[in-house]
Amino acid sequence: MAEKRKITTPDGLVADPPRDYFEDVYAVVRQVPRGRVTTYGAIAQYLSLRAGARMVGWAMSSSHTREDVPAHRVINRLGVLSGKNFFGSPTRMQELLEAEGIHVENDQVVGFKELLWDPSLELN
DNA sequence: TACCTGACCGGGT
DNA sequence: AACCCGGCCAGGT
């Protein structure tokens, strides 16, 4: 996993360098265990991304070519499959989750709070 | 340039 | 949970 780093702007503000946090995001997603899920916000918080959870979603939208990134395990804070339209078919994301024993009802992971894998708690 | 939208989120109501 | 709001910032128009 790439080193977390900060840059300082001429204004003296500390910020994340633009754009290159994509790889950091993928590195975290690759560590989400089978049968567990994580959220955009949890990833953003773990990486201290100033850009926030929204840009984690942006990073994920560019991950479709990466077979080694289990993008289906990333859901929103309410347990909803908000990214399902970025998978081949409308049901693909759900099918991938169910293949891991995760139950989905109405585009929402059943019992997602118990299945949540928070990198801030699980990683060092 | 200005405005809009979006795999988002936390806080307030 | 639901709704609204402001904050976040990359791309498109």
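Note that the structure is a prediction, hence the values are computed from the model and not measured.
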* Pairwise C1' distance, B:dA7 and C:dT13 [rounded to whole Å] -> 22 Å
* Asked: So does A:R36 pair up with A:E100, basic N to acidic O under 4.0 Å?
  ->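 Here A:R36 does not pair with A:E100 in a salt bridge, since their nearest N and O are not under 4.0 Å apart.
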* To do: For each nucleotide in nucleotides 6-13 of chain B, reading 5' to 3', give B when a protein heavy atom comes within less than 4.0 Å of its base, S when such contact involves only the sugar-phosphate, and - otherwise.
  => BBBSB---
* Asked: Between A:N76 and A:Y40, what is the shortest heavy-atom contact and its length?
  ->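 Minimum heavy-atom separation between A:N76 and A:Y40: N-CE1, 3.6 Å.
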* Nearest heavy atoms of A:T39 and A:R77, plus distance in Å ->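 So the two residues come closest at CG2-CA, 4.1 Å.
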* Main-chain N/O of A:A51 paired to A:Y21 side chain as donor or acceptor, under 3.5 Å -> no
* Asked: Is the closest side-chain heavy-atom distance between A:H72 and A:F87 below 4.5 Å?
  -> yes
